[in-house]
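First the structure, in the form of structure tokens, and then the observations on it.
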Amino acid sequence: MSLIKKANNYIETNQGFVSDIFRPKFHFHPPIGWMNDPNGLIYFKGYYHVFYQYYPYDNKWNSMHWGHARSKDLVHWESLPVALAPDQEYDCDGCFSGSAIVVDDELVLMYTGVSKVNNLVNQVQCIASSKDGIVFEKYSNNPVIDQENLKNIGNTVDFRDPKVFKKYDKYYCVVASKKELNNDETVGLIYIFESEDFKSWSKASILIEGTKEYGTIWECPDLFELDGKDVLIISPMRVPENNGKFSNLNSVVYMIGKMDWENLKYECEFIEELDFGLDFYATQSFLDDSNNRIILSWLQTWNRTNVLSDMNNLWSGMLSLPRKINVEDNHIVQSIPENVMNQFNIKETSSISNDEYEFIAKNYNKFIFENEDNWKIYIGNSKDYSIVFEFNNNRLTIDRHLFGENIKGAEKNSNRRSVEMQSAGTIEIFLDKSSIELFINGVSISLTYYAHPQPTKIFVETSGNISVYSGNVIE
Ligand code: FRU
């Protein structure tokens, strides 16, 4: 039996045993098994397609397949058969992350095939294509980018996550890697390749090299033009904390800058974290049917307690909500796209002005504060058993350490964060069984929690009035 068939049979037979206890209502997650990065995001023939790093047989990371689902509205998802399985010599240790593009009316995926050559990890870029967007065929001449393309420049030990795009009638792809320094240390590095026909690819150019303050390797690069700027998104690993910033060991970072297409060099003008929460990694972008730039991320990060797996839950991992991004004043601002917002049944909720409020927690909760300088929000079952968001002295702090299962990570503190902010007047909170995504001034804060029973209430303390809008997702 082929590995794809084996995976699909397993999912079909076992998905009915998955408990709903932590299963989100409107965040994409796998039918059963482990998922991490979003892959191959694309709008193709009337559907949004999400592929994802997938191991169907267990709730832990293992030999990577590409899971697959599609959606008309980016909220309600239809699970599709597994698209790629590690069934070739060049990808027998995993089909790692990658992206999608339409070439001659076919949906083409570029992914990293992982295997071992002479006992060394060998990561090479491969393609697979499909006419119907469901059944994929790997290219007979895979890999299309390998050590040959890196000759005298680098090696294929850490060489992955190709993000493809078309510009000026040429195809390009950016690929993650690292550079060895002379004392055993490494820094992130991104390669760029070009192609006329998508099959034969140029020798590597170095798009950009990192410095030690931005981690030891850069994963999942994404390069695109947005609002007149060139944006580069990366997922750096083992970033040292810097004055309260980068307190997550592995995070997502964006750069605003300028691309020199002649020399294939990226010049960074501004660099910042993309999310100020606790669990957010491996962001990938795509264009929606109205040409908006949308991002999806894995709502988790590496080196953290895997609560779902420790509790023998049969699935693990989910994606963030789709977010529309724009560049304003050299910063990325995020918002939830209108078609996604339309999937929530939102109404104004009455509130009596007495400095302390109690609301029923809904999937969507929006607070507009009269006193923008000082407020506290508790999401939980009582104030003592909750996740706390507090704004004062131009700082927003989040703390989940008292609520739900204990989550530990390799960093100093995996449960608290603090972000500087001038004011915080309007807060939108999406709550979905085991995740919170909070939006404030175009900035996002994402985190997971695992608690049973679920948080049912939101308590708010503030002086002054608040207006409240809330509602649940339309199922
Ligand atoms: C990012 C990542 C990628 C890799 C994939 C493997 O989370 O480490 O670099 O392709 O996950 O599953």
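Ligands are counted one by one from 1 in listed order, and the atoms in each one are counted from 1 as well. Quick caveat, the model's predicted, so the values are computed rather than measured.
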- Task: Go through the side-chain N and O atoms of S316 and N306 and say whether any donor and acceptor fall under 3.5 Å apart.
- Result: yes
M64 heavy atoms within 4.0 Å reach ligand 1 at atoms 12 (O)
Distance alone, cut at 3.5 Å: any donor-acceptor contact between the side chains of S177 and D158? no
Any side-chain donor near an acceptor of the partner, S444 and R323, under 3.5 Å = yes
Per side chain to side chain contact (heavy atoms under 4.5 Å, CB included), M237 is matched among T301, L249, N250, T186 by N250
query: Any N or O on W61 sitting closer than 3.5 Å to an N or O of ligand 1?
result: yes
Numbered in order shown, the ligand 1 atoms found under 4.0 Å of a heavy atom of S97 are 5 (C), 10 (O)
Nearest non-hydrogen protein atom to atom 6 (C) of ligand 1, with distance, is Q53 OE1, 3.2 Å
among protein heavy atoms, the one nearest atom 2 (C) of ligand 1 is D37 OD2, 3.4 Å
Atoms of ligand 1 under 4.0 Å from any heavy atom of Y281, numbered from 1 in the order shown, are 1 (C), 7 (O)
Self-check item: Heavy atom of T112, distance to ligand 1 below 4.0 Å
Solution: no
Residues passing the ring pair (Phe, Tyr, Trp, His ring centres under 6.0 Å) test with H331, sequence neighbours excluded, are F270
| said: Do K324 and N326 pair up side chain to side chain, a donor and an acceptor below 3.5 Å, judged on atom types alone? | reply: yes
re atom 4 (C) of ligand 1, the protein heavy-atom contact at minimum distance is D161 OD1, 3.5 Å
